[in-house]
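Keep in mind that what you see is a predicted model, and the values were worked out from it rather than measured.
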Amino acid sequence: MLAEAQNLVKLATGVASLSCEVTGCTISLFDEHFHAGNKDTMELASSLRILLDGSKNARKTRNPDPTAFSGMAQVPFVHGRLRNCLTDAMNALGSDSGAPSREVARPAWVVANYMTAIDEALRAAHNLAMQRITKLGEHLGESPAAITELLGVGAFDRECFGPTLVVELLLCLQALAIRDAAMRPAQPAPEAAAPQEGDKPQRRGNKKGGKVRQRGVGQTLGKGAKQLYEEFSQGFELVREAAQIPEALARLRARVCPDLNSEESVRLLDLLFRATHETNVRRLPKLPKGTRDYLPAEMVVRERVINTITRTFKEHGAVCIDTPVFEMKDTLTAKYGEDSKLIYDLQDQGGDMLSLRFDLTVPFARYLAVHNFANLKRYHIAKVYRRDQPALSKGRYREFMQCDFDIAGEYAPMIPDAEILLIVTEVLSKLDLGTFVVKLNHRKLLDAIMEVCGVPPSKFRAICSAIDKLDKEPWSAVRQEMTERKHLDARVADRIALFLDFGQGLRPVELLDLLERDEAAVTQHATDAEFPQLLSNLRANSAAREAFASFRLLFGYLEAMQCIDRMKFDLCLARGLDYYTGLIYEAQLVEGSQLGTVAAGGRYDNLVGMFSGKKIPAVGVSFGMERLFTFVEIQQKERLAARAAADPEAAPPVMRHNETQVLVASIGKGMVPHRIGLCCELWNAGIPAEHLYSDNPRMPKQIEFALQSGIPILAILGETEMQNGVVKLKDLATREEREVPRAEFIEAVRGLLLNH
């Protein structure tokens, strides 16, 4: 079934290319997918580009509107996601594609999770096909309701995607056949009379003496789409009455997808492969899976986020350091628990076994040991690498940037911890990310809970690692992992659940009071008769009492810093990394929670000692920069769309990719030296400016460049302005313009910039 579905994705992409030809969807809509960072999305975008290359219907355009072709614009992303889900399932569950299969015994819930993901991706692809069918119906002059009723396309189920594609293909062939009939002559031209004596010889062909060009719809299609159309249209007859539709659908379905592993289907898929690989179009190179390119406008967002965070760190007295992108393998080994399997190892070249850094914390501990620092407040912004399964829509990559702030050294208890939590709230507030919450817990309290519930000490870290998945998976899946994979007694797992459910929704100080000393309230919140005794045992545990004392001190400091309202004392928080020894925390966005955790950290008092033999306590936080970038990009696009909707008459706002404030434009020949001179004046005054690298650029081209780049001011020079010693300034937002003397030019520009 999985292999058939993979073939269905190939077929769906080919049919979508014919829909693009019919509807005139611009090929430029697929350009953004080349920078998505997802291998499958980029490959499908490249295939569509190749299929449509040379098309007279799907030409490249500037600033395409994706809303006008919503069913086409998202094809690479949606089909890529489906293909990705299918590949993951085939790798995990065993392939049925004909290749040697490694059958893997998986629990039923694991299989169900993969099938749920496939169903969601299939549903999205089916809905996208329905959008294309609606668009095709409009081109054929039919309403969406009429198309749905006539062709019987209904609600989604797992088996309906193939028939839906056949409906789409039928509409494409119908529309292209109508267009083909309109383009060809209605009847052959009459034979020419025999030439008479004295007549001039008649030339055959066009005026230039060439051959008569064959007319037909095939001449307007892209190179690959033309091959598909010629294949699919064999034996196709134009549907002229509604009564002919069921028969036409049945014939097409029998030919296209009776069985996607049949000989005929394999031949069609082979044709599709050749159409996307054997044309003269150059396939674009691919990005490695789990990585991305940043376009200029995206780099503006990236730099703004980094500058905001860096400025906050410097306000708190931190210094910047850097370390190598790779470390000795034994430096990173056994520091990350189960996540150690995600470390990238480098092939041994010169005798050293190396690994790409997994985070910035372990390299910082090594840094302190090597340089013999007893205390240091530092920040570090750099890329790290994890051999994880990427989810780009959630900001999860294999190569990504982290931003760490750490305080190392012997200090009074909980003062550095409180300041770091304050920094987290300051950064997220300055970035204007909406509502967020910082979850708190303590590793010693977690260990105490494990102990009183009956978890063997050897399994503490493994069970904490399972608890850490609760923000991604339901308790039933986590419990199953504990009992089946980690062989924990089911009764012990149920006792742990009593603590994880306890005190949800309470303020941090209220939950601490409840855990530490409030006997009367315990019975109100307890959901099991065994829980009061478990809690009594927890209060008697020395590690738990130490954690309670630390929280009491911390909450007092957070009250003084006026940020405790952002905190949530959450017993479900575990943080799976092995090196944490005390307070742990995670910051999550309440709005846009699909991005998950955007900052996390904790106290690690023993990590430096692993390298130096000296105990140097440390506490820190790491910001997930890629997730922050993703959220800020989404916010900025939404704000631009809102501005455009609020004022449709104004020039459409654009996402800036540079900081240019003035474009120096000119009218007439020989103005390049004068443009350069004016730019130099602006640069010397510290005002970002540029001009077009052309001898005599046309004014419309210069204005268009300024509008597309978001440049607010145009400084115009021409022969008249040169003779009068003035510069014409135009505010592109208000469309107001005025002339200013050359001597007052800089001050006039600064005055205009105050309004932008």
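- Arg566 places a side-chain heavy atom less than 4.5 Å from the side chain of Ser429.
- Ring centers of His691 and Tyr693: under 6.0 Å apart, within the cut-off.
- A salt bridge links Lys430 to Glu315: one of the charged nitrogens lies within less than 4.0 Å of a carboxylate oxygen.
- Ion pairing between Lys377 and Glu419 holds under the 4.0 Å rule for side-chain N and carboxylate O.
- Taking CG from Leu589 and CG from Leu433, the interatomic distance works out to 5.5 Å, rounded to the nearest 0.5 Å.
- Looking at Thr425, Val437, Leu554 one by one, the single match for side chain to side chain contact (heavy atoms under 4.5 Å, CB included) with Met567 turns out to be Thr425.
- Below 30°, between 30° and 60°, or above 60°: for Phe313 and Phe623 the angle between ring planes is between 30° and 60°, a tilted geometry.
- Between Thr312 and Glu426, the side chains place no donor N or O within less than 3.5 Å of an acceptor N or O (distance only, hydrogens not considered).
- Other residues, nucleotides and ligands contribute only 12 or fewer heavy atoms inside 6.0 Å of the CZ atom of Phe326.
- Proximity of Tyr294 to Arg302: side-chain heavy atoms (C-beta onward) are separated by under 4.5 Å at one or more points.
- Using a 4.5 Å heavy-atom cutoff, the side chains of Gln588 and Val598 are not in contact.
- Side-chain contact annotation: Asp406 with Tyr604, donor-acceptor N/O pair under 3.5 Å present.
- Residues Leu422 and His316 form a side-chain contact, since some pair of their non-hydrogen atoms from C-beta on lies under 4.5 Å apart.
- Stacking of Arg507 on the aromatic ring of Phe569 is not recorded, the 6.0 Å distance cut-off and the 45° axial limit not both being met.
- Here the side chains of Arg627 and Thr597 are in contact, with some heavy-atom distance below 4.5 Å.
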